[in-house]
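Here's the structure we're looking at; comments come further down.
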Amino acid sequence: MQAITPSVAARTVYLNGEFLPSDQAAVSVDDRGFLFADGVYEVTRVLSGQFVERGRHRRRLERGLRALEIRLTTAELDRLDEVADRLIVENGLGVGEATVYLQVTRGAVSPRTHQFPAVETRPTVYLSAASLTSKDELREHGVSAITVPDMRWARCDLKTVNLLPNALARQKAAVAGAYEALFVRDGVLLEGSQTNLFAVIDGELRTAPATNYILPGVTREVVLEVARSAGMHVREFPVLADEVYRATEFFLTSTTNDVMPIVRIDDDPVSDGRPGPVSRQLHSAFMERLSWGAGE
C-alpha cells in the first residue's frame, strides 16, 4: 500500500490524543457531533504566542460542557491548554496573530439513538490553529448589516456547534452584499450571526443583556469593562428594532472582529454613514488593553 504523504498546506491538529496533519485527521460517522450537532466549541485569540482572555474562554467552555452534560475532568481541561500551546508552536504561529479552535462533542456511539450514550463513552476532542488576518481596513470604513428574524433555539447562550440558523443568516447577508446579519426577536435586535451588537442611543452605550437569547461574548465582556472604565454611560438593555433610526452608532464585537463599526443597516445609513467616535475610542482602548498582556 502506498503511504499517504501530507500535503504542503496540511496543518498540525490535535484529535483525541494525537497530533497529526490536518489532512489525516478524521472522525467517525457515528460521532454525535456529526449526527446531532451534539457538542460545544471555543475560538481563542493568540497574540505573539500569548492567549487572550484564556480564563474567560475556559469558563465559558466549562459552562457549555456542564449544560450539555459532556464530561471532561479538570485534568483533561488543563491538558487542552498544553495542547493549544503546542499547536501554536508546531504551526509556526508564535509571531503575529492567530486563533485556536477547540471542539468537544459527546463522542462516537453506535447504533444512532437520540438519548445520551453510556457514561463511559469518550468525548471527541479536536483542536486546530490558524493565522488571523487583520480587519483594520474594514474597520476604517465600517461595514454593513441586514436584519433577519431570529429562528434559533432558546439556548443561544451556549456556544454549541448547532450553527445552522447562524449559517443561513450569514448566507443571507453575503447574498445581500452585507458583512453581518442581525437577529431580531419580538422586535428586539439581539446580536449578529457571529458577533455581539452594541448601539449608542441618546448618548448611552447599550447592548442586549446576557440572557439565554444571546451568546455571552468574551470580547463583549471586555468592551463593557473598558467602556465603564472610560466613564461611559453603559446599560445592558434591549435595543428595539424601531429605535434603529435614533442610534448614532452601531458596532459589533467578537474574538476575530474586536470592535467593528456598522455604518449601514438594511440599506439605511447609521447616522452620517461613517464610523463614530465611540467605536473608535473603544477599539483604541481595547487594543491598548491587549497590549498590556494577553489577559488571564
Side-chain angles (χ1 to χ4, degrees), residues 11-14 22 40-65 77-104 125-140 143 157-161 163 166 170 179-180 191-198 207 210 214-227 229 251-261 279-296:
R11 299 166 293 137
T12 298
V13 301
Y14 174 89
S22 56
V40 295
Y41 75 102
E42 281 291 329
V43 179
T44 307
R45 187 170 175 176
V46 185
L47 296 177
S48 300
Q50 300 297 309
F51 283 72
V52 176
E53 300 292 348
R54 177 174 249 170
R56 293 183 198 254
H57 284 283
R58 164 79 173 255
R59 289 191 289 274
R60 187 170 62 181
L61 173 65
E62 290 176 336
R63 180 174 179 270
L65 291 170
L77 289 167
D78 291 343
R79 167 64 176 156
L80 296 184
D81 287 344
E82 300 173 9
V83 169
D85 291 338
R86 178 171 165 180
L87 286 176
I88 290 297
V89 173
E90 293 209 3
N91 287 287
L93 298 171
V95 176
E97 298 194 43
T99 58
V100 169
Y101 178 88
L102 183 160
Q103 179 171 307
V104 182
V125 179
Y126 168 73
L127 286 86
S128 65
S131 61
L132 178 64
T133 302
S134 170
K135 296 183 179 179
D136 287 343
E137 185 174 349
L138 278 175
R139 189 171 3 264
E140 179 66 23
V143 299
D157 56 315
L158 302 178
K159 199 171 179 70
T160 72
V161 296
L163 292 172
N166 303 65
R170 185 64 184 81
Y179 183 77
E180 178 61 298
E191 61 182 348
S193 68
Q194 299 172 280
T195 55
N196 289 120
L197 177 69
F198 285 77
T207 188
I214 75 162
L215 181 73
V218 169
T219 304
R220 172 187 177 276
E221 290 180 6
V222 175
V223 167
L224 284 171
E225 291 175 1
V226 168
S229 295
F251 60 86
L252 309 166
T253 63
S254 76
T255 293
T256 57
N257 281 281
D258 301 328
V259 178
M260 180 66 72
S279 67
R280 290 186 183 277
Q281 179 183 349
L282 286 174
H283 181 255
S284 177
F286 178 79
M287 295 308 294
E288 183 179 357
R289 171 170 167 144
L290 292 189
S291 71
W292 301 341
E296 57 176 337

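Salt bridge absent: Glu53 and Arg60 never bring a charged side-chain N and a carboxylate O closer than 4.0 Å. Using a cut-off of 4.0 Å between Lys/Arg side-chain N and Asp/Glu carboxylate O, Glu97 and Arg45 are scored as salt-bridged. Salt bridge Glu225/Arg56: present, at least one basic N to carboxylate O contact under 4.0 Å. With salt bridges taken as basic N to acidic carboxylate O contacts below 4.0 Å, one links Glu82 and Arg79.
With contacts defined as side-chain heavy-atom distances shorter than 4.5 Å, the pair Thr253/Phe286 does not qualify. Side-chain contact between Arg220 and Ile214 is present, with at least one heavy-atom pair separated by less than 4.5 Å. Counting only heavy atoms from C-beta outward, the side chains of Val40 and Leu158 never approach each other to under 4.5 Å. Put simply, the side chain of Val46 does not reach to within 4.5 Å of the side chain of Leu93, judged on heavy atoms. At a threshold of 4.5 Å between non-hydrogen side-chain atoms, the residues Met260 and Leu138 count as touching. Residues Tyr179 and Lys135 form a side-chain contact, since some pair of their non-hydrogen atoms from C-beta on lies under 4.5 Å apart. Looking at heavy atoms from C-beta onward, Leu87 lies out of side-chain contact with Arg11 at the 4.5 angstrom threshold.
Looking only at distances, a side-chain donor or acceptor of Asn91 sits under 3.5 Å from a matching main-chain atom of Thr12. Listed for the Thr99 side chain is no donor-acceptor partner under 3.5 Å among the backbone atoms of Thr44. Judged by distance alone, with hydrogens and angles left aside, the side-chain atoms of Arg139 form a donor-acceptor pair with the main-chain N or O of Asn257 at under 3.5 Å. Using a distance-only test at 3.5 Å, with no hydrogens or angles considered, a donor-acceptor pair links the side chain of Arg54 to the main chain of Asp81.
The heavy-atom pair separating Ile88 from Ala129 by the smallest distance is CD1-CB, 4.2 Å. Closest of all the heavy-atom pairs between Ala84 and Val100 is CB-CG1, 4.1 Å. Ala285 and Val226 get closest at one heavy-atom pair: CB-CG1, 3.3 Å. In plain terms, the two heavy atoms of Val43 and His57 that are nearest each other are O-CE1, 3.1 Å.
We find the CG-NE2 distance between Asp136 and His283 to be 6.0 Å, quoted to the nearest 0.5 Å. For the atom pair CG (Leu215) and CD (Gln194), the distance works out to 11.5 Å, reported to the nearest 0.5 Å. Atom CG of Leu252 is separated from atom CG of Asn196 by 9.0 Å, given to the nearest 0.5 angstrom. The line from OH of Tyr126 to CG of Leu80 is 14.0 Å long, rounded to the nearest 0.5 Å. Considering CD of Glu62 and CD of Glu42, their distance stands at 10.5 Å, rounded to 0.5 Å. Going from atom CG of Asp258 over to atom CZ of Phe251 covers 12.0 Å, rounded to the nearest 0.5 Å.
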Might you work through the side chain to side chain contact (heavy atoms under 4.5 Å, CB included) test for Leu77 and Leu65, ending with a clear yes or no? CA-CA 11 Å; Leu77 289 167; Leu65 291 170; 4.0 Å; yes
